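Note that the structure is a prediction, hence the values are computed from the model and not measured. Below, all heavy atoms of this structure are taken into account, side chains as well, without hydrogens, waters or symmetry copies.
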Amino acid sequence: MNFSDEQFRGLEEELKITEKSKAQLKSRILQNVDKRKKRNFKPYRWITAAICMLLIITSPFYSKTMAKIVEKILPISINSSYSNGQDNPDINEQLFELVEKEGYTVNSVGTTLSPYTIEISLILKDSTLKQAKDDLEPKVRNLLYDNGYDEFKLKVSEAPEIPETHSDGEINRLFDNAREIVKNVFTSYGYAEEADYELAGLKSTNILILDMPDHIQESTDIISDIKKEIEAQNLPIKDIEVNTFNLEHRRQDERWGTIATDIYDSMEGKSTYQLTGLSYIVKKGHTYVDIKTDFEKQPSEEVRSYIEVKIQEYLSLQETKEQIQNDKYTIQFLLKNGETFLTIQN
């Protein structure tokens, strides 16, 4: 997905490991892949019609004109990442479970855009890559078609063996120790909530990057205590670089990253919506989400109305409202030329 410069402001650091990134590294691969010829076989159509009819009939935003949509569009089901996720696993989770059920060891399942590609990386033991492809591809495609994905490319690959070097292990242990020191010191000053955020990073393996919330009055004392603890543990950290940030801005930034992704994920890989990219940014407490499409001209009123209905339903979920709080937001769908064809805001 294409995020703004501000969203990637932390990428200039040579190394910054987070718990979240460790998990994501295991579960998702983001890389470019070559184009392949698109299949036209779509066995999911009868399921699409049934699901779409059920969604429209039960929708609290139902309108009579929405009945026209059933035969024209693929259904949208926006699953909230703020729920437990057990009732509505996303497509990557479903694929992961399918492949493991077939007896294969999954290294990762992930997606890339332009073209929308689903990549499954396997750790092969008793079979060749060709055997795995022949076995898995028909089953994976059926699952995708059954879920309304009619515009995707599939790549099944073997995960390369990347043994952890001695230096990698040393760096990971150093980071874990430094992170624990930072968390404990912040907590000791009464900032346990702030300590739950990833405030520590490493640069050049021996410089601690410390993110300091700008509302904290005892920042000098906290930095001093962190230095003392580093020395007491004899860690090979030579210096501390401090970056201040607004915690409320970061909280809003993070929750809208999740909300925007939930919305985007529900429509990607489905030809009705022609999505090509996502960006979001928080400015002065207002969140702006831009969803880019490949439409040359605005889609039909029925499609636009249906998109808005499903997004409003998602935004009205209790777990979503709890995250939005009092945030002001503007969600825009853009044509290929950048013009807006749908706006949802509060």
Side-chain angles (χ1 to χ4, degrees), residues 1 3-28 30 81-82 164-261 279-287 323 325 327:
M1 299 179 185
F3 295 95
S4 68
D5 291 340
E6 183 173 336
Q7 301 307 126
F8 286 129
R9 56 188 176 273
L11 291 183
E12 76 277 3
E13 298 174 5
E14 296 180 33
L15 174 65
K16 184 164 186 177
I17 309 169
T18 68
E19 287 300 303
K20 184 182 293 184
S21 67
K22 288 179 182 178
Q24 291 174 339
L25 181 62
K26 186 69 179 176
S27 64
R28 295 179 68 91
L30 300 177
S81 295
Y82 294 108
E164 183 179 279
T165 66
H166 177 71
S167 60
D168 289 337
E170 290 291 335
I171 292 171
N172 289 338
R173 282 190 291 273
L174 176 60
F175 172 75
D176 288 340
N177 290 335
R179 182 188 58 198
E180 190 66 21
I181 289 172
V182 169
K183 185 171 184 177
N184 289 340
V185 172
F186 271 85
T187 301
S188 71
Y189 277 81
Y191 297 108
E193 184 177 357
E194 286 80 354
D196 282 339
Y197 283 79
E198 191 61 77
L199 301 177
L202 285 180
K203 178 180 178 181
S204 302
T205 73
N206 62 0
I207 298 175
L208 176 66
I209 305 297
L210 179 64
D211 286 350
M212 178 66 69
D214 58 12
H215 68 276
I216 292 179
Q217 301 296 317
E218 307 92 335
S219 58
T220 301
D221 294 334
I222 288 173
I223 295 168
S224 177
D225 284 358
I226 290 173
K227 288 181 178 179
K228 290 176 182 177
E229 190 59 33
I230 287 173
E231 292 174 1
Q233 295 190 26
N234 198 28
L235 298 183
I237 292 176
K238 305 301 182 183
D239 196 11
I240 298 179
E241 292 184 6
V242 181
N243 301 315
T244 59
F245 71 96
N246 183 284
L247 184 60
E248 288 306 314
H249 179 97
R250 179 171 293 188
R251 284 170 173 160
Q252 185 173 349
D253 183 284
E254 289 182 354
R255 59 181 175 259
W256 275 96
T258 301
I259 292 169
T261 301
S279 64
Y280 75 96
I281 192 170
V282 176
K283 290 183 177 179
K284 298 181 179 179
H286 193 118
T287 303
Q323 294 300 321
Q325 301 175 23
D327 296 346

>> Applying salt bridge (Lys or Arg N to Asp or Glu O under 4.0 Å) to Arg251 and Glu248, what does each step give before you reach the verdict?
In response: CA-CA 5 Å; Arg251 284 170 173 160; Glu248 288 306 314; 2.4 Å; yes

What are the two closest heavy atoms between [X] and [Y], and how far apart are they?
X: Glu198; Y: Asp211; result: O-OD2, 4.1 Å
X: Glu254; Y: Tyr82; result: O-OH, 4.4 Å
X: Glu194; Y: Pro213; result: CG-CG, 4.1 Å
X: Asn206; Y: Pro236; result: CB-O, 3.3 Å
X: Lys203; Y: Glu241; result: NZ-OE1, 3.7 Å
X: Phe186; Y: Ile216; result: CE2-CD1, 3.5 Å

Within the structure provided, determine whether [X] and [Y] are in side-chain contact (heavy-atom separation under 4.5 Å).
X: Tyr191; Y: Ile222; result: yes
X: Leu247; Y: Glu193; result: no
X: Tyr189; Y: Gln217; result: no
X: Glu229; Y: Asn184; result: no
X: Gln323; Y: Thr258; result: no
X: Phe245; Y: Leu199; result: yes
X: Thr287; Y: Ile259; result: no
X: His215; Y: Asn246; result: no

Straight-line distance of [X] [atom1] to [Y] [atom2], nearest 0.5 Å:
X: Asp214; Y: Asn243; atom1: CG; atom2: CG; value: 12.0 Å
X: Lys284; Y: His249; atom1: NZ; atom2: NE2; value: 12.5 Å
X: Asp225; Y: Ile230; atom1: CG; atom2: CD1; value: 11.0 Å
X: Ile209; Y: Ile237; atom1: CD1; atom2: CD1; value: 10.0 Å
X: Gln252; Y: His286; atom1: CD; atom2: NE2; value: 9.0 Å

>> Determine whether Glu170 and Arg173 satisfy the following criterion, salt bridge (Lys or Arg N to Asp or Glu O under 4.0 Å), listing intermediate values before the conclusion.
In response: CA-CA 5 Å; Glu170 290 291 335; Arg173 282 190 291 273; 3.0 Å; yes

> Under 3.5 Å, is there a donor-acceptor pair between the side chain of Ser188 and the main chain of Val185?
Replying inline: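 At least one qualifying donor-acceptor pair exists.
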
>> Donor-acceptor pair, distance only, cut-off 3.5 Å: does the side chain of Thr261 make one with the backbone of Gly257?
In response: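 Pair found, side chain donor or acceptor close to backbone of Gly257.
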
> Sequence neighbours excluded, which residues qualify as salt bridge (charged side-chain N to carboxylate O under 4.0 Å, His left out) partners of Glu218?
Replying inline: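 Expected list: none.
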
>> Apply side-chain contact (heavy atoms from CB on, under 4.5 Å) to residues Leu208 and Val182 and explain how you reach the verdict.
In response: CA-CA 10 Å; Leu208 176 66; Val182 169; 4.2 Å; yes

> Between Arg179 and Asp176, is the closest basic N to carboxylate O distance under 4.0 Å?
Replying inline: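 Looking at Asp176 and Arg179, the cut-off is met.
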
>> Show, in sequence, the C-alpha distance, side-chain angles and deciding distance for Ile281 and Trp256, and conclude whether the side-chain contact (heavy atoms from CB on, under 4.5 Å) test is met.
In response: CA-CA 9 Å; Ile281 192 170; Trp256 275 96; over 6 Å; no

